[in-house]
Structure formats: C-alpha cells, structure tokens
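What follows is one structure encoded as structure tokens, with my remarks underneath.
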Amino acid sequence: MRVAMIGTGYVGLVSGACFADFGHVVTCIDKDPSKIARLEQGEIPIFEPGLDDLVETNVREGRLSFTLDGADAIRKADAVFIAVGTPSRRGDGHADLSYVYAAAEEIASLIEGFTVVVTKSTVPVGTGDEVEAIIRKTNPNADFAVVSNPEFLREGAAIGDFKRPDRVVIGVNDMKGDVGTRASTVMSELYRPLNLNESPLLFVNRRTSELIKYAANAFLAMKITFINEMADLCEAVGADVQQVARGIGLDKRIGSKFLHAGPGYGGSCFPKDTIALVRTAQQHGAPTRLIETTVEVNDSRKKAMAGRVEKTLGTSVANKTIGLLGLTFKPNTDDMRDAPSLDIAPALIAAGARVQAFDPEGMHEAAKLLDGVEMKSDAYEAVLGADAVVIVTEWDRFRALDLDRVKLLMKQPVMIDLRNIYRPEDMRAKGFRYSGIGRG
Ligand code: UGA
C-alpha cells in the first residue's frame, strides 16, 4: 500500500516509520523545511529509543521518504494520514483543529482514485464529519472515505506500542456500505502484519472511535490521580501506597498498570486531552465531573510538590541549594511538555532556592523553559553542594546512583524521591533524611 503521512511530529514520524517497516511505501510530509532537511540527513528531531535505526533501515530500503511537497505522494496514496498537532487552544482548552482542517483542504484537491483519509491526530468527536465536509466541498467528485484511527502509543515505548498494540481502533461510517467496505479493506490491509501477534482491530463508527481515544486517556489520567490521592492518604494514616497499589492491582478488574504514585501526570497528551474532553462534554450538556476534578487535582498536585522539599528539609528553601534529577515529564524522552519540573523548579526559585539540575535527554528543551536553573552535565554535579536532592523523573540511571558518593558530594544528605525509586529503609540505613510519595 502507498501511504502519505502529513505531519512528522511524534505520532506521524513513529507511525510512518512503522508502516514502512510493515512493508508499505510511506512518504512523510511536513511544512517545516529544517525538519525535513534534518530527516533527509538521517537526523531524528526527537529522542525515541530505536526510532533512528528504524528510519535509517526503511529509508535505505526505499520504503520511507520525507518531503516538503506532498502533492505527488497524496495523489498516489491509498491512505493519507493526518498526524498534525492538536494543541490546546489558548484561553478555552478546546483542541485547536486549524492544522487538521488545513491538511484536509490540502488533501481535497489532490485526491485521485479511491483514497482513505485517516485522522491519526487526537481530535474531538465530530472532527471526522468536518474533515469529510471540507473535502466534499472542495472536490465534490472525489472518491474517498474519512476514517478515524487514534494512536495509543506512549513516548519512550512508541515502537513497541505501535507494533504490538493491545488493540487498533478504526472508526468507519457506514461499514456495510460500498465506501465503508472499501475503506475497511484498506485499513485491514495496512495493519495486516499485526495478525501475527493477534492484536485485534476494533471496527466502530467514526464518532465512537474519536471518543475512545479521549476516554482512554482520561481514564488513565484518572487512575493516576486516584493513586496519587491514595498516596496522600497513606502518608496521613501511615500506610504504604506501593503495597496498596499492588493489593488493588492484583484484582484483574482494576489491573496493576498506571498505579505508580508520583508528582502528577504531565506530557503532551493527558493534560491537553483531559481538558479537551471536559470542554466537549460541557458543550454537549453532558459534563464529566470526574474528569473535571482529575484535572484540578492534578494541577494542584504539581504545584504542591515544591512544598515537599521544605517539609523534608524542615526549614525554608531560601538560600538553600536544591539539586533536581530529571526534568522531562517521564523517562526515555526529551519531551518537557507539562512536565512537573516546570512547576517545581520555578516554585523553588521563587522561594529563594538555588536550583541546579541534570536530565539525560531533556536539558536542551529544559534550558529554554526553566529560567534561572543551572544545568549540570551529570547527576553527581547536580547534587554537588546541595542541601537536598529531588528525584523528579525516574530515569534508570538515577536508580543506580552511587549513594555513598552522592552523600559525600552533598552539603547534607536529604532526598525527596517523587518517583519512589529508592526504598525508605535503605536510604535511612545509608544515613539520608529521605521522603518518598505515600510511604508514611
Ligand atoms: C499517553 C498514553 O499512555 C498513550 O496511550 C497515548 O497514546 C498518549 O498519551 C497519547 O495520547 O499520545 P504518554 O503521554 O507518552 O502516553 O506517557 P505515559 O506513559 O502515559 O505517561 C503520562 C504521564 O503520566 C507521565 O507524566 C507519567 O509520569 C505519569 N504516570 C504514568 C504516573 O504518574 N503514574 C503512572 O503509573 C503512569
């Protein structure tokens, strides 16, 4: 099959490379000349484990290419994917669909032969209808179907998630009709390699598919927020949140994943998608109060994290040196979007602290966003002379720190572990004043 992928952001680039690896011929299209130039040189603009090799192999084998001018690729494509950004609209939190609609307009006049236009971007319910109307208006004779195919991959584990998904959701209207049948056939063919690992393709109508994406992210965000509140309760009553998580997670109806208590969820998806779902629900007169509360609780949690440093220190952070380990919203990514560090560092600085930090991949992005934070070249430099060290992101390399060396380098051995990567009893045995999340 021939695929045109509009947008070489996270989702577009990973999906394009994976479809090429499935054996399809993929052209990735982007309006940003510097991005395309870098990709053509084999330079990957984001950090994602395994992506550089996947891109390199598929470019070399002639299945993957990058271009600024996608007209030819769109004309020849069996499927054109829209994988552009849908950021939160400033002011009201609705998803900004201007890039999606611009892509639809661009595609419309180029359609030749039957083409499936697939929205892969996370888009609110009803966006597919609008995309269809735009194409129909511009090119009334076009032979096409608009399909929703949301993406569930996680940053840092994106390739595995794409190739071994729990499910692939495909939203096609009028599935039994002529256009619907042809569209379903194209989508099944695109994902055929997944038959091997028995990942189910779930065919539903388009609006249902669009909502499944938001419902999944909102549910996961709520699950994290639930365990974070349980963590606070554990601290108040002297219980252990990791054991609570295990105790409830072994119940298969609950499941053990996404029950790690921490500083609050961040990233490019949960914060934006939960707010967008809240807005959609309000607009349709069916408010989702659980999600409204989730958003509020998570926002205030991130803001409250800096306070934990003072609590553990037992004194104000004014004129103290605080070392932050990890800045990205989670490990194995360089993504800083809505990262808890963006609340924690400024709050510490505002309270008079000197903040020094290290992140294995996120320093470049972080330096643009975190005014006044001194970036250090490794973890040991970041703890040098510190009155307290805060584990903000659970990168593997912070799990294996030489704690004796850390202790020697610090002014005093105080650790606030917002990801529970160390055991309280071990840390106390090492002579640290230590606090984790939800562990008494
Ligand atoms: C999330 C979803 O997990 C993906 O399924 C989805 O495709 C993606 O959004 C998207 O919509 O594009 P992602 O944002 O990459 O993926 O990262 P997650 O691994 O889900 O983590 C999100 C946030 O939740 C992070 O800040 C992480 O630290 C936090 N988290 C996650 C916890 O605090 N506890 C957990 O148990 C799990």
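This structure is a prediction, so every number in the text was calculated from the model and none was measured. Note that ligands are numbered from 1 as they come in the structure, with each ligand's atoms numbered from 1 the same way. Basis for what follows: all heavy atoms, side chains included, without hydrogens, waters or symmetry-related copies.
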Just go through F329, F270, F152 and tell me whose heavy atom is the nearest to atom 1 (C) of ligand 1.
F270
Under 3.5 Å, side chain of N58 to main-chain N/O of L54, donor-acceptor pair present?
yes
T122 to ligand 1, any heavy atom closer than 4.0 Å
no
Using a strict cut-off of less than 4.0 Å between a Lys/Arg side-chain nitrogen and an Asp/Glu carboxylate oxygen, indicate whether D426 and R423 qualify as a salt bridge.
yes
Please tabulate, for side-chain N and O atoms in residues 322-329, each donor-acceptor pair with protein atoms closer than 3.5 Å (sequence neighbours left out).
{"residue": "T328", "atom": "OG1", "partner": "K330", "partner atom": "O", "Å": "2.9"}
{"residue": "T328", "atom": "OG1", "partner": "D359", "partner atom": "OD2", "Å": "3.3"}
{"residue": "T328", "atom": "OG1", "partner": "W395", "partner atom": "NE1", "Å": "3.3"}

Could you list the atoms of ligand 1 found under 4.0 angstrom from a heavy atom of E155?
15 (O)
If you round to the nearest 0.5 Å, how far is CD1 of I224 from CG of L259?
9.0 Å
Just by distance, with hydrogens left out, do S148 and R206 show a side-chain donor and acceptor under 3.5 Å apart?
no
Side chain or backbone, does Y265 bring an N or O within less than 3.5 Å of an N or O on ligand 1?
no
Using a plain distance cutoff, I'd like to know if E394 has any nitrogen or oxygen under 3.5 Å from a nitrogen or oxygen of ligand 1.
no
Over 60° means perpendicular and under 30° means parallel, so tell me whether F162 and F22 are parallel, tilted or perpendicular.
tilted
Hey, can you tell me if F81 and F19 have their rings parallel, tilted or perpendicular (30° and 60° cut-offs)?
tilted
For atom 3 (O) of ligand 1, the protein heavy atom that lies nearest, with its residue and separation:
R154 CG, 3.3 Å
L153-ligand 1 polar pair, N/O distance under 3.5 Å
yes
Say whether K223 and ligand 1 are in contact under the criterion: heavy-atom distance to a ligand atom below 4.0 Å.
no
Closest to atom 30 (N) of ligand 1 (heavy atoms only, candidates N298, I224, D273) is I224
Below 4.0 angstrom from a heavy atom of E151, which ligand 1 atoms are there? Numbered from 1 as shown, please.
7 (O)
Nearest heavy atom to atom 23 (C) of ligand 1, choosing from S268, P165, G266, P271, belongs to G266
Hey, which atoms in ligand 1 end up nearer than 4.0 Å to a heavy atom of K213?
6 (C), 7 (O), 10 (C), 11 (O), 12 (O)
So CZ of F358 and CZ of R397: to nearest 0.5 Å the spacing works out to 4.5 Å
Indicate whether the side chain of E381 and that of Q356 have a donor and an acceptor atom separated by less than 3.5 Å.
no
Can you tell me if C269 has a non-hydrogen atom under 4.0 Å from ligand 1?
yes
Just let me know how L259 lines up against ligand 1, side chain, backbone, both or neither, with a heavy-atom cut-off below 4.0 Å.
backbone
When you check the gap from the basic side-chain N to the acidic O, do E189 and R192 get nearer than 4.0 Å?
yes
Heavy atom of the protein closest to atom 35 (C) of ligand 1 (residue, atom name, distance):
H260 O, 3.7 Å
Determine, using heavy atoms of R419 and all atoms of ligand 1, whether some pair is separated by less than 4.0 Å.
yes
Ligand-side contact atoms (ligand 1) for residue partner N217, heavy atom cut-off under 4.0 Å:
2 (C), 6 (C), 9 (O), 10 (C), 11 (O)
Give a yes-or-no answer on whether the side chains of Q41 and R38 include a donor-acceptor pair shorter than 3.5 Å.
no
Select one of side chain, backbone, both or neither to describe which atoms of K330 lie under 4.0 Å from any atom of ligand 1, heavy atoms only.
side chain
Between E210 and K213, does at least one N-O distance fall below 4.0 Å, as a salt bridge requires?
no
Nearest non-hydrogen protein atom, atom 37 (C) of ligand 1:
F258 CD2, 3.4 Å
